[in-house]
2 protein chains.
Amino acid sequence: MAIHKKEAFSKKEQDLAEFAKALAHPARIAILKVLAQHNECICGEIVDLLPLAQSTVSQHLKELKSAGLINGVVDGPRSCYCINWKAFEKFNAEFSFLFNHLKLTKMQSCC
Amino acid sequence: MAIHKKEAFSKKEQDLAEFAKALAHPARIAILKVLAQHNECICGEIVDLLPLAQSTVSQHLKELKSAGLINGVVDGPRSCYCINWKAFEKFNAEFSFLFNHLKLTKMQSCC
DNA sequence: TATATTAATCGTATATTTGCGATATAAAAT
DNA sequence: ATTTTATATCGCAAATATACGATTAATATA
């Protein structure tokens, strides 16, 4: 019954959905903003800026990382994160492509 | 304990996350594709094109609609759906804005 | 009016996500 | 060597999401 059927869709659809899922939480959007503003890589500073516990932030960072949107390197006793621009750009392009593809088909809508 | 803290973030962050969440499933990406290809509005035709039960598709349509990405009107005994281009465009712009805002801050990354 | 047809909703089972405290790990400082 | 500092991971509780069959609702059509 409740088997998830993601495998039944195309790779592109799955990839796009996974990318969207990584962005599908305000905390993760906020983390990306922080990483961009402080253009040097940031670690637990994020914890101070977000209204979440350290373990929760760490978990969100892990999700962003496993989705490929950020990179993280160990820097002594701390971890340094930054945005993976290439992946971000790639997904942005893919998203724009989908959007434009849809858009060019027809602007007319019946409802 | 497990109270979701979405309210603790800004409206823009919440809106973007909600938009992303609507796209965060391959079935919903696929539905948008179908709605774009058949530029006339489509109802249960989607069910025939997706590997999902009618009730499941209906649920995904409801989510896309409540996120504002599609419109739906009752047309006799059937429902006609189409993409809400305005909302889509607005979210695309907001997403691009975030992306560009981030991008312009600095291309350099330390990791 | 009875009966298809179409789609939404309900109920339910299961899976996943979110969040936090507690604990573990690992490097730096004392 | 011990302690501090910074971060990841574990374990758990609660909330959400996913999926489907069954039912309901609403409109056509016979």
Side-chain angles (χ1 to χ4, degrees), chain A residues 1-9 13-14 17-31 34-35 38 40-67 70-82 111, chain B residues 1-9 13-14 17-31 34-35 41-67 70-82 111:
Chain A
M1 291 81 199
I3 297 153
H4 281 212
K5 291 199 153 182
K6 299 182 180 170
E7 336 77 43
F9 297 91
E13 286 161 350
Q14 288 182 55
E18 201 187 351
F19 172 64
K21 189 148 82 176
L23 295 172
H25 195 289
R28 292 194 286 273
I29 300 273
I31 287 173
V34 170
L35 285 181
H38 307 57
E40 78 274 14
C41 299
I42 292 167
C43 44
E45 211 174 339
I46 300 167
V47 175
D48 296 332
L49 294 171
L50 298 195
L52 295 172
Q54 179 267 320
S55 58
T56 307
V57 171
S58 192
Q59 210 168 342
H60 281 304
L61 285 167
K62 189 181 174 186
E63 280 169 68
L64 284 169
K65 193 177 173 187
S66 79
I70 63 174
N71 294 124
V73 293
V74 176
D75 172 26
R78 65 204 80 201
S79 280
C80 176
Y81 289 99
C82 60
C111 55
Chain B
M1 295 82 196
I3 298 152
H4 281 212
K5 292 200 153 181
K6 298 182 181 169
E7 337 76 42
F9 297 91
E13 286 161 349
Q14 288 181 56
E18 201 188 352
F19 171 65
K21 189 149 81 177
L23 295 172
H25 195 290
R28 292 193 287 272
I29 300 273
I31 287 174
V34 170
L35 285 181
C41 299
I42 292 165
C43 44
E45 210 175 338
I46 300 167
V47 175
D48 296 332
L49 294 171
L50 297 196
L52 296 171
Q54 179 267 321
S55 58
T56 306
V57 171
S58 193
Q59 211 168 342
H60 281 304
L61 285 168
K62 189 182 175 185
E63 281 168 68
L64 284 170
K65 193 178 174 187
S66 78
I70 63 173
N71 294 125
V73 293
V74 176
D75 173 26
R78 66 204 80 202
S79 280
C80 176
Y81 288 99
C82 60
C111 56

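Labels below follow one simple rule: chain letters A, B, ... track the order of the sequence lines, proteins then strands, and each chain is numbered from 1.
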Residue whose nearest DNA chain D nucleotide is more 5′ - A:K5 or B:V74: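 Whichever sits nearer the 5' end wins; that is A:K5.
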Using a cut-off of strictly less than 4.0 Å, decide whether [X] has a side-chain nitrogen or oxygen near OP1 or OP2 of [N].
X	N	result
A:K21	C:dT17	yes
A:S79	D:dA6	no
B:H25	D:dA19	yes
B:Y81	C:dT6	no

Whole-Å distance between [N] [atom2] and [X] [atom1]?
X	N	atom1	atom2	value
A:Q59	D:dA14	CD	C1'	14 Å
B:K6	C:dT17	NZ	C1'	9 Å
A:L64	D:dA8	CG	C1'	15 Å
B:R78	D:dA28	CZ	C1'	9 Å
B:L61	D:dT18	CG	C1'	15 Å
A:H4	D:dT16	NE2	P	16 Å
B:I29	D:dT18	CD1	C1'	16 Å
B:E7	C:dG19	CD	P	9 Å

Write down the atom of [X], the atom of [Y], and the distance for their closest heavy-atom approach.
X	Y	answer
A:D75	A:C80	CB-CB, 4.4 Å
B:A30	B:L50	CB-CD2, 3.9 Å
A:K65	A:Y81	CD-CE2, 4.2 Å

Expected output: side-chain [X] to main-chain [Y] donor-acceptor under 3.5 Å:
X	Y	answer
B:Q14	B:F9	yes
B:Q54	B:G44	no
A:H25	A:A27	yes
B:R28	B:K21	yes

Five-pair end axes of the helix from C:dT1-D:dA30 to C:dT30-D:dA1 and the angle they enclose, rounded to 10°: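 It works out to 10° between the end axes.
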Side-chain-base donor-acceptor pair under 3.5 Å for A:Q54 and D:dA6: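 In this structure, the two groups form no donor-acceptor pair.
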Along DNA chain C (nearest heavy atom to each residue), the more 5'-positioned of B:S55 and A:A24: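 Between the two, 5'-proximity favours B:S55.
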Of B:F9 and B:P77, the one whose closest DNA chain C nucleotide lies more 5': B:P77
Passing option when B:L49 is tested against B:I31, B:V57, B:V34 for side chain to side chain contact (heavy atoms under 4.5 Å, CB included):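 Result: among B:I31, B:V57, B:V34, B:V34 is the only option passing the side chain to side chain contact (heavy atoms under 4.5 Å, CB included) with B:L49.
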Nucleotide nearest A:L52 (side chain, heavy atoms from C-beta), chosen from C:dG19, D:dT18, D:dA19: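 Minimum distance to the A:L52 side chain belongs to C:dG19.
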Touch class at under 4.0 angstrom, heavy-atom based, for B:S58 against every strand present: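 Since a base atom lies under 4.0 Å of B:S58, the category is base.
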